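Contents: one structure, followed by commentary.
Atom set for the values below is all heavy atoms of this structure, side chains included, hydrogens, waters and symmetry mates excluded. None of these values were measured; they are calculated from a predicted model. Numbers restart at 1 for each chain; the letters A, B, ... are given by sequence-line order, proteins then strands.
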2 protein chains.
Amino acid sequence: MPNQEAARIVIIEDDKTIREGYHYLIDNTSPYTVVNAYPSFDVAKLKIAKDNPDVIILDIQLPGTSGIDALPQLKKMLPDVYIIMLTVYETEKIILDALANGASGYFTKNTPSSKIIDAIKEVMHGGGPMSPDVSKKVIMSLQKNQHSPLTKRETQILELIAEGKDRGQIANQLFIDVETVKTHVKNIYIKLDVNSKADAINVARTNKLI
Amino acid sequence: MPNQEAARIVIIEDDKTIREGYHYLIDNTSPYTVVNAYPSFDVAKLKIAKDNPDVIILDIQLPGTSGIDALPQLKKMLPDVYIIMLTVYETEKIILDALANGASGYFTKNTPSSKIIDAIKEVMHGGGPMSPDVSKKVIMSLQKNQHSPLTKRETQILELIAEGKDRGQIANQLFIDVETVKTHVKNIYIKLDVNSKADAINVARTNKLI
DNA sequence: AAAAAATACCCCTTCAGGGGTGATTTTTTA
DNA sequence: TAAAAAATCACCCCTGAAGGGGTATTTTTT
């Protein structure tokens, strides 16, 4: 673990005002040091390994390689670096993609600048900071749909199918006949308008039924 | 949308000290009103509908019905209520279960009390507040495993299987023979130690390979 | 009393998966 | 840079489970 009190920060952000603003802010109102600030990933990648940063503040909408595409490359060059995304985009897909690809935190640009200092501190201590609007979207992506067309039994059976159980195993577990399982499965397929286990699971997951 | 400046709060928490502490704190240092505080869900459920709360602060480890089991019941009684979980548990599974079942925010009990006031404000404004340790776990649950035993081609085929494509469709899409797809699938099964599509998808998801 | 859900059975076709074999190409590494 | 390893490609046989079709009784809910 690097020195948490003097973490090395790199900023990758194309907007000069924002870039220099954060640079100044971090250098002067926090114990952290900005070792470099770049206007794009394509410029940053040539030198960033030498910068040896602990935390990278990374914009998504960069000229050339986007922040999302930069993520796996940064993780390969600097496996232990913490990356905080900073962007105006906040669609669920982009947020989830960024986090899936190794971002440690995610803030939208309407976040008060002082929160970024807190965020650096949090990632250095193993946290995963997000702005409230971002975490709201993350939470929504985890929530189940309350209005399922499936009955309780059907939902139960679909969950077992999703676990990889076959008809026989499901029948045993629920103390019902294999043929009954078949009937339920048929009804599930009709309701979800699919004709295979895989499709049923996908439709169910997409609509957060299971 | 209820009056955001005078939100009605209910606390469900069995520890008297914590319960009364939050009660006092919220009533005296925030614009919000604690309309009631209960030591368990089983007591709360009899009266909580009349309390008409905007936000419920809910402990997980309650006597009788647990906070997790209380979630769907509360959501049924009060569909628009915001629920902030407050607990010492912070395993990934419990956190994800709580959020999947309708919690709007999640804090561990080492969170400074003042953060709870902020959290109430955030949920009232559509945010999804979480403490850094919690959001870290949520983020980890979203991240892909960088060290997959599968080759690119195998990962690609497994993703198509997970989308519900059959051998023929995969062969067409990748411009290879159906038999080749079969060979790849066999190798995937050997590497993941499974013997069905469903199990392969599950192992892959559990280990975040796809 | 009617509707919805859960239960159970039969026939038939298609596809997934187990087993085995072997060639060509790409990538790694010694 | 040549040898070894890994990845990709292709084919055959056989069995069992999945899925489509239909029918019908009992239980639960409204």
- Query: Do B/Lys186 side-chain and C/dG19 base share a donor-acceptor contact under 3.5 Å?
  - Reply: yes

Query raised in the report: Donor-acceptor pair under 3.5 Å: do we get one between A/Arg167's side chain and the base of D/dG16?
Result: no

Return the value, rounded to whole Å, for the distance between atom [atom1] of [X] and atom [atom2] of [N].
X        : N      : atom1 : atom2 : answer
A/Asp193 : D/dG20 : CG    : P     : 11 Å
B/Ile176 : D/dA7  : CD1   : C1'   : 12 Å
A/Arg153 : D/dT26 : CZ    : P     : 19 Å
B/Asp199 : C/dG18 : CG    : P     : 10 Å
A/Asn195 : C/dC15 : CG    : C1'   : 13 Å
B/Ile188 : C/dA16 : CD1   : C1'   : 14 Å
B/Asn187 : D/dA5  : CG    : P     : 17 Å
B/Ile190 : D/dA6  : CD1   : C1'   : 14 Å

Closest non-hydrogen contact found for A/Gln169 with A/Gly164 is OE1-O, 4.1 Å

Restricting to non-hydrogen atoms, name the atom on B/Arg8 and the atom on B/Asp51 that form the minimum distance, rounded to 0.1 Å.
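Shortest heavy-atom separation between B/Arg8 and B/Asp51 comes out as NH2-O, 2.8 Å.
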
Heavy atoms under 4.0 Å, any strand shown: does A/Lys197 hit a base, just sugar-phosphate, or nothing?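 Here A/Lys197 touches the backbone only, sparing every base.
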
Report the residue (A/Val194 or B/Leu174) whose heavy-atom-nearest nucleotide on DNA chain D is the more 5′ of the two.
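Nearest-nucleotide comparison on DNA chain D picks B/Leu174.
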
By nearest-heavy-atom nucleotide on DNA chain D, the more 5' of A/Ala198 and B/Glu154 is B/Glu154

Checking contacts here: which listed nucleotide ([options]) is nearest the side-chain heavy atoms of [X]?
X        : options                : answer
A/Ser196 : C/dA8, D/dA18, D/dG19  : D/dG19
B/Asp177 : C/dG17, D/dG19, D/dA10 : D/dA10
B/Thr183 : D/dG19, D/dC9, C/dC10  : D/dC9
B/Lys182 : D/dG21, C/dG17, C/dA16 : C/dG17
A/Thr151 : D/dC9, D/dT8, C/dA5    : C/dA5

Between [X] and [N], is there a side-chain N or O to OP1/OP2 distance below 4.0 Å?
X        : N      : value
B/Thr180 : D/dT8  : no
B/Tyr189 : C/dG17 : yes
B/His184 : D/dA7  : no

Note to self: Please check: side-chain N/O of B/Asn101 versus main-chain N/O of B/Asp69, any donor-acceptor pairing under 3.5 Å?
What the structure shows: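 No, B/Asn101 side chain to B/Asp69 backbone: no donor-acceptor pair under 3.5 Å.
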
By the Watson-Crick or G-U definition, both distances under 3.5 Å, D/dT30 is matched with C/dA1

On DNA chain C, more 5' by nearest nucleotide between A/Val178 and A/Lys191 is A/Lys191

*Answer yes or no: does atom NZ of B/Lys121 have more than 12 heavy-atom neighbours from other residues, nucleotides or ligands under 6.0 Å?*
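Not more than 12 within 6.0 Å, no.
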
So does A/Asp133 pair up with A/Lys137, basic N to acidic O under 4.0 Å?
->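 No, this pair does not count.
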
Practice prompt. Answer yes when B/Asp59 and B/Arg19 have at least one side-chain N-carboxylate O distance shorter than 4.0 Å, and no when they do not.
Written response: no

